[in-house]
Amino acid sequence: MENFPTTNKKLIDWVNKMNKLCGPERIVWIDGSEEQKLTLEKECVVSGELLRLNKDKLPGCFLHRTTQDDVSRTEHLTFICTKKKRDAGPNNNWMSPDKAYRKARPIFKGAMAGRTMYVIPFSMGPVGSPFSKIGVELTDSRYVVLNMLIMAHCGEAVLRQIEKEDDFTKCLHSKAQLDINKRLILHFPEDNTIWSVGSGYGGNVLLGKKCLSLRIASYVARKEKWMAEHMLIMGIEEPNGHVEYIAAAFPSACGKTNLAMLVPPEGLKQKGYRIWTVGDDISWMRVDSDGSLWAVNPETGFFGVAPGTNSKSNPNMVEAIKGNTIYTNVLLKPDNTVWWEGADGEVPNQGIDWKGNPWKPNLKDMQGMIIKGAHANARFTAPIVNCPSASFRLEQHHGVPISAIIFGGRREHVAPLVYESFSWQHGVFVGATMGSELTAAQVGKIGQVRRDPMAMLPFCGYNMADYFKHWLNMGKLMAKPPKIFHVNWFKTDEHGKFLWPGFCENLRILEWILDRCNNKVNAMETPIGYLPYPFDIDMTGLSLTEAALEKLLKVERLEWLEELKGVNKFFSDFKKDLPKELWEEYKALMERLKKYGK
Ligand code: OXD
Ligand code: MN
């Protein structure tokens, strides 16, 4: 029997069992110390898992390359394994727990032979906070360990907490042979267990992130009456020094990270606005004794998309990734720094691309396609505290109070720049009917529109009909529910050009949202919700034609009626499970639209 640094029987028994299954050469417990981290980094450099980047320009930074067919989340290999198929819902791939364990066990069997099995005790959320949940990840990947050390609270303090709580999510990961044909990402919400095998890509293997903090947590949250959401959390410090917090859900790669840490545009900066970043991806929210919704970000790091990140799109992130950052699948420059399409500065005239091949600009493949230096879903993993706008309330066990919830998608048409729902129930309908165009973060056809309710389609660990019901119920638990809004930064003109400048200018819309929350401005009532009067959006320092703003704020009746056909189809998939309140909202919107403009 090994000498384990814990007395918790559940943990010891489980580690022993998984040890037997995976057959590693040895077991190493992650203690969270700097010393252990440095040792792991050195080992990774020797093994080639990581390449140490320029020590002067990028201190503490490394580059990792994944295998070429392991570069994004593989949703078709991701399963919710509940006893009843109905409980996974039409939104998830389902497998029975028996079958799933049976399928995965032979892949795990002996998969860690000759390797080390690392035991990572981690806490999502500050250790000991009532919001927080504990997991333990077993993995044969040092890359996973080093990423988890950035993304979560790991080590000794968590072990002590497990001894108090006697409960944790059992997360098992093995790279195995990194074979896409033997890759499975399995969630067993009824067993509080996650098994991931055959992948090395972050979204599939950093099991505290999407797997625990969204899929498993959403299942637990429904039972315990709280919410686990795919949302950024940001504080907006108003000119009078008061900070208001909002949570916002956007599908992957829609600019959520950029919004979470925007730098106010000059025109508004003069007024004294300042942004505080609490989180860029996940929000856990609870109703507090004051009857309002409070949120924490369970993560301690960013796992962000590199391409397109630059001083214009996200100056705070550019600062955040200058040290102690792990880069994945970006281009390596001759001076041992990194680059990606849409990075600051000149395009380098040579380098090593994300596949490890020599690269120069305009190099073409056999089909005549330009070869990219970085993969479109290349990532960086960086500590939140590196970010100049990191909130001073990150570690507060109580979280932050949420004034507004914002939904958004990437839509060329239909959705106006911003609108406010009429009520919590209507807001749930707005979130439930969100649609967006696919991006490189998912496997699939880029550009295709898919319904992505609350940006949770790939992350809701149970039947979404029950999830909608849960949202409706949460509204009833709150004396002061946040107002719910919808934004669309991506509306285009007839030539396909974006009408709204986006990026930091989005603060102008957040300002209107907060003004609405504080009853400072009136709004136009339209069939879809309340829209701003154009004069209530502060345009200081921004040149946008009146015609563009008018188009951005227009409710196109025919487009909306067409949109409702898609909503009908989407809702129908849930059959009789869909809460009747959502059909009521659907019918009411249809009626309002029919009357509109006649
Ligand atoms: C992410 C995603 O990586 O949503 O955050 O895909
Ligand atoms: Mn995400």
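Numbering of ligands and ligand atoms starts at 1, following listing order.
- Contact record, Gly200 with Leu178: N-CD2, 3.6 Å, taken as the closest heavy-atom pair.
- When only interatomic distances are considered, the shortest N/O to N/O separation between Arg379 and ligand 1 falls below 3.5 Å.
- Contacts of Tyr201 with ligand 1, taken as heavy-atom pairs under 4.0 Å, are absent altogether.
- The shortest separation from a heavy atom of His230 to ligand 1 is under 4.0 Å, placing the residue in contact.
- Every atom of ligand 1 is numbered from 1 in the order shown, and the set under 4.0 Å from a heavy atom of Phe459 is 4 (O).
- Listed by number with element, the atoms of ligand 1 under 4.0 Å from a non-hydrogen atom of Lys210 are 1 (C), 2 (C), 3 (O), 4 (O), 5 (O).
- To the nearest 0.5 Å, the span separating CG on Asp452 from SG on Cys254 amounts to 8.5 Å.
- Side-chain N or O atoms of Ser123 include none that pairs as donor or acceptor with a backbone N or O of Val158 at under 3.5 Å.
- A salt bridge links Arg142 with Glu49: at least one charged nitrogen is closer than 4.0 Å to a carboxylate oxygen.
- Every atom of ligand 1 is numbered from 1 in the order shown, and the set under 4.0 Å from a heavy atom of Asp281 is 5 (O).
- Taking distance alone, with nitrogen or oxygen atoms compared against 3.5 Å, Arg73 approaches ligand 1 more closely than that limit.
- Between Phe571 and Phe429, the two ring planes are perpendicular [angle over 60°; tilted spans 30° to 60°].
- Below the 2.8 Å limit, the Mn ion (ligand 2) has as protein N, O or S neighbours Lys210 NZ, His230 NE2, Asp281 OD1.
- A heavy-atom distance below 4.5 Å is found between the side chains of Arg183 and Ile180.
- Salt-bridge formation is not detected for the pair Lys312/Glu505: no Lys NZ or Arg NE/NH1/NH2 atom is positioned less than 4.0 Å from an Asp or Glu carboxylate oxygen.
- Using a 30° and 60° split on the angle between ring planes, Trp471 and Phe407 fall in the tilted class, from 30° to 60°.
- Counting heavy-atom neighbours within 6.0 Å of Glu190 CD, excluding the residue itself, gives a total above 12.
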